[in-house]
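Here is the structure we will look at, set down as structure tokens.
First the proteins, then the strands, lettered A, B, ... as listed; each starts at 1. When reading the values below, keep in mind they use all heavy atoms of this one structure, side chains included, and skip hydrogens, waters and symmetry mates.
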There are 2 protein chains.
Amino acid sequence: MNIIKAINRTRIKDIAQKANVSIGTVDRVIHNRGEVSNATRDRILRIIDEMEYQPNLMASTLASKKTFSFALLLPEPISPESYWNKPMVGVRRAFQEIQQYGININIHLFKQSDANTFNTEAGKIIDSNPEGVVLAPFFSRESKEFISELKKRAIPYVFIDSNIKDSDKLSYIGQNSFQSGTLAAKLLDFSVPENSSILVLHFAKERDNMNHLVQREKGFYEYFNTNLSSGKKKLITLEISDPTDIACQNQITDQLKSNPEIKGIFVTNSQVYYLARLIEGTNISGIRVIGHDLINENIDFLKKGIVDFLICQRPEEQGYKAIITLFEHLVLKKEVNNENYTSIDIITKENLDYYK
Amino acid sequence: MNIIKAINRTRIKDIAQKANVSIGTVDRVIHNRGEVSNATRDRILRIIDEMEYQPNLMASTLASKKTFSFALLLPEPISPESYWNKPMVGVRRAFQEIQQYGININIHLFKQSDANTFNTEAGKIIDSNPEGVVLAPFFSRESKEFISELKKRAIPYVFIDSNIKDSDKLSYIGQNSFQSGTLAAKLLDFSVPENSSILVLHFAKERDNMNHLVQREKGFYEYFNTNLSSGKKKLITLEISDPTDIACQNQITDQLKSNPEIKGIFVTNSQVYYLARLIEGTNISGIRVIGHDLINENIDFLKKGIVDFLICQRPEEQGYKAIITLFEHLVLKKEVNNENYTSIDIITKENLDYYK
DNA sequence: ACTTTTTCCGTGTTCGTACACGACAAAAAG
DNA sequence: CTTTTTGTCGTGTACGAACACGGAAAAAGT
């Protein structure tokens with residue numbers, strides 16, 4: 001049983017013959033390079049339609065020495081193991097796959113603490129005049145300036161990680177943070193006994209995209225508001241400015257001691273490992289802990305059983321998808337999705353080894 | 001910042017010049033087509049090594065009119081919505097991506113109830129003499145015969161869904177059922193109160209690969225054996241031969257009524273929807289239900305909140321990966337993983353919409 | 001009516017690789 | 001010593017599309 005019989009590449013020659021014109025004329029029409037009279041153009045187009053002509057991409061890229069250059073504008077990873085290395089892995093994989101099509105990728109990094117570096121790098125990108133751009137619109141105002149410049153030059157851009165509404169983007173690749181918060185809530189709700197409390201922990205120092213954290217928390221609360229049967233549970237929110245500070249750590253342990261009915265903790269960002277270290281150091285037990293992102297520190301505590309769940313949004317895939325989206329749009333000239341939410345994955349000790 | 005500067009394709013011409021031979025001789029060496037004296041071959045090979053030559057795949061496939069044909073041998077889907085349609089989706093996607101490289105895919109289906117159909121189709125595949133084969137080794141004995149024939153002809157084969165050990169396979173793409181059972185156990189353990197019982201349901205009629213079901217159950221029990229803290233929970237196993245039969249249905253409801261402490265149910269295969277229908281019809285509530293596979297019937301009950309978790313193994317991806325593995329091995333001549341476990345995903349009402 | 005410009009179209013070459021064909025020499029067979 | 005076979009190697013063309021170049025025809029300008 002055949003899905004499709006063979007490669008579809010009915011000959012241009014046939015078309016040229018049928019339309020009674022030269023081969024050159026036919027490909028002028030195909031690449032609408034003008035220089036063809038409307039009469040013959042229409043005639044040829046009709047014939048092409050009939051024959052379901054589909055150009056051979058390999059021959060095409062081979063013949064055209066045209067190269068594409070994509071520019072990336074992402075936050076600089078704060079450490080070799082931190083979150084923003086992950087999208088880069090996906091970018092590299094995508095590059096390996098499509099480099100033979102003449103695609104070049106330039107990575108520009110900005111400091112999350114300094115909007116000026118964003119502007120500098122954005123300027124460099126504009127100067128290099130790439131065919132497409134992938135950016136994390138970390139700084140809202142600066143990003144808007146940047147994309148208005150891109151729009152002026154008709155350079156398509158893809159958002160990664162966070163979104164800007166009504167921005168004529170080519171695509172958004174990222175997570176739905178609200179929904180991920182809801183999911184975390186459900187897991188904790190299921191995992192702790194009735195009549196217990198849940199602690200929501202905000203490690204606010206890392207400004208690793210604040211909006212996400214807010215959305216996650218909203219989703220989390222939303223769950224408990226709509227699921228009245230779980231309403232018996234009390235939620236306590238705590239903001240920790242600096243998890244490395246001992247005073248702040250005491251803040252957490254005090255909270256746990258004074259509220260022994262706390263049976264679940266939700267950490268809104270990737271830094272659940274700070275909490276896990278704290279718990280490991282004391283003899284507190286029986287508390288379900290849920291955090292985000294599969295970074296090495298968290299993996300260790302997941303294996304030890306101190307962290308029970310990690311919610312993960314496939315950052316590698318986001319990087320990969322962003323590049324591939326540009327590629328599909330520019331080279332393959334395919335339609336691409338305007339919004340592309342990556343899946344929200346639940347990682348436990350049990351399925352960790354098989355997560356990719 | 002550039003990852004890699006450009007496409008690596010240092011000219012053959014340069015090599016030829018350096019080695020003081022003709023271009024023809026150089027590519028004879030590259031494609032080791034014999035017809036070259038050992039002396040010059042060695043000289044050229046050394047120069048190639050120095051220059052890190054890498055052939056252009058596009059030009060290569062363009063020039064060689066060689067086509068590859070891959071054969072698939074999979075169980076026939078029992079209905080348009082059933083499990084075995086999913087791998088097919090992935091196969092189609094893979095085909096779309098690689099068909100331009102001259103790859104043709106032939107799908108052969110056998111009946112899960114009839115080993116003879118397996119043999120017939122296997123024979124057809126042997127006759128068609130494909131370059132590579134993907135098969136689900138559903139019938140152990142018949143599969144072994146088939147692969148010994150393939151081995152004789154040096155046709156590489158990839159197992160999908162289930163594995164045969166020590167079989168010189170190119171690769172195995174599939175799930176780790178045992179681990180998926182462990183995961184299910186953890187989720188149920190977390191979700192039900194202490195001192196309650198858990199019902200393990202085997203819908204044994206669908207022979208949709210029995211070995212998987214056994215493995216899942218083993219993993220499930222394993223979890224409760226090793227996690228002694230959860231040992232307070234009692235496990236009850238029930239085998240239902242025909243879930244459409246009313247007597248069998250009563251068997252389940254009786255069990256639930258006589259054991260009101262049952263607060264969690266684990267269905268070992270994809271047919272959790274039978275149980276969900278039963279629960280929906282009665283006024284039983286407060287029972288956590290976990291099943292497998294994201295088929296349409298199950299999705300409905302997941303949304304309704306009757307089924308709480310579905311464990312899913314990305315069957316589409318399995319189909320996709322199987323084809324791509326053959327492609328990478330035969331066309332790209334890359335190293336491929338001998339075993340490739342797909343990830344074990346947890347789906348709930350909350351993350352369902354984002355699952356791909 | 002003439003030149004100049006514009007529009008239209010056919011031919012030829014190129015991209016990087018594969019491979020057929022034939023040339024020539026050396027080795028084997030007659 | 002001739003004929004046949006085998007082993008080496010160079011050249012030329014093809015794959016399917018892109019595009020430069022230049023010629024012919026049509027339109028515009030004088």
Side-chain angles (χ1 to χ4, degrees), chain A residues 6-45 47-48 51-68 99-104 131 330-333, chain B residues 6-45 47-48 51-68 99-103 330-333:
Chain A
I7 302 186
N8 183 347
R9 77 177 124 76
T10 332
R11 287 282 174 62
I12 292 200
K13 282 180 193 166
D14 298 352
I15 300 173
Q17 219 165 357
K18 275 205 183 177
N20 200 23
V21 292
S22 78
I23 293 176
T25 311
V26 175
D27 65 44
R28 256 185 285 270
V29 171
I30 291 174
H31 306 99
N32 47 319
R33 217 160 359 103
E35 313 176 24
V36 180
S37 71
N38 287 333
T40 47
R41 143 171 284 114
D42 288 352
R43 185 154 39 95
I44 293 173
L45 277 179
I47 294 173
I48 290 180
M51 310 192 77
E52 298 187 350
Y53 171 77
Q54 223 184 308
N56 180 323
L57 203 112
M58 326 192 68
S60 168
T61 56
L62 185 61
S64 85
K65 282 142 290 181
K66 188 174 182 181
T67 62
F68 294 84
Q99 61 163 320
Q100 49 178 333
Y101 292 90
I103 279 134
N104 220 307
E131 269 76 22
L330 288 168
V331 182
L332 305 185
K333 301 202 164 64
Chain B
I7 301 183
N8 185 346
R9 78 175 123 74
T10 334
R11 287 283 174 62
I12 291 200
K13 282 181 193 167
D14 298 352
I15 300 173
Q17 220 165 355
K18 277 204 181 178
N20 199 22
V21 293
S22 76
I23 295 177
T25 311
V26 175
D27 63 46
R28 253 185 286 270
V29 172
I30 291 174
H31 305 98
N32 48 320
R33 216 161 358 101
E35 312 178 23
V36 180
S37 69
N38 286 333
T40 47
R41 145 172 281 113
D42 287 351
R43 185 153 39 95
I44 293 173
L45 276 179
I47 295 174
I48 290 180
M51 311 192 76
E52 298 188 351
Y53 171 77
Q54 223 186 307
N56 180 323
L57 200 105
M58 326 193 69
S60 168
T61 56
L62 184 61
S64 84
K65 282 141 288 181
K66 187 174 182 181
T67 62
F68 293 84
Q99 60 163 320
Q100 49 177 330
Y101 292 90
I103 280 134
L330 288 168
V331 183
L332 305 186
K333 300 199 164 63

(request) State, to 0.1 Å, how close L57(B) and M58(A) come at their nearest heavy-atom pair, and which atoms those are. (result) O-CE, 4.4 Å

(message) Which heavy atom of L330(B) sits nearest to which heavy atom of K333(B), and what is that distance?
(response) O-NZ, 3.7 Å

Distance, rounded to the nearest Å, where [X] contributes [atom1] and [N] contributes [atom2]:
| X | N | atom1 | atom2 | value |
| --- | --- | --- | --- | --- |
| L57(A) | dC15(D) | CG | P | 19 Å |
| R41(A) | dT7(C) | CZ | P | 14 Å |
| N56(B) | dG16(C) | CG | C1' | 6 Å |
| Q100(A) | dT17(C) | CD | P | 12 Å |
| L62(A) | dG16(C) | CG | P | 7 Å |
| R28(A) | dT11(C) | CZ | P | 11 Å |

(message) Rounded at 0.5 Å granularity, tell me how far OG1 in T61(B) sits from CG in L62(A).
(response) 9.0 Å

(request) Starting from the 5' end of DNA chain D, give me the residue, M58(A) or K66(A), whose nearest nucleotide shows up first. (result) M58(A)

(request) Report the residue (S64(B) or T61(A)) whose heavy-atom-nearest nucleotide on DNA chain D is the more 5′ of the two. (result)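 Mapping each residue to its closest nucleotide by heavy atoms, the 5'-most match is S64(B).
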
(message) Let me check I have this right: for DNA chain C, each base becomes ., (, ), [, ] or |, based on Watson-Crick or G-U pairs with both distances under 3.5 Å. What is the full string?
(response) |.|||||||||||||||||||||||||||.

(request) Kindly point out which of dC9(C), dG16(C), dG16(D) is positioned nearest to the side chain of A63(A)? (result)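 Nearest to the side-chain atoms of A63(A), counting from C-beta on, is dG16(D).
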
(message) Let's see if you can work this out: which of dC19(C), dT17(C), dG10(D) has an atom nearest to the side-chain heavy atoms of A59(B)?
(response) dT17(C)

(message) Can you confirm whether T67(A) sits close enough to N104(A) that some side-chain heavy atom of one is under 4.5 Å from a side-chain heavy atom of the other?
(response) no

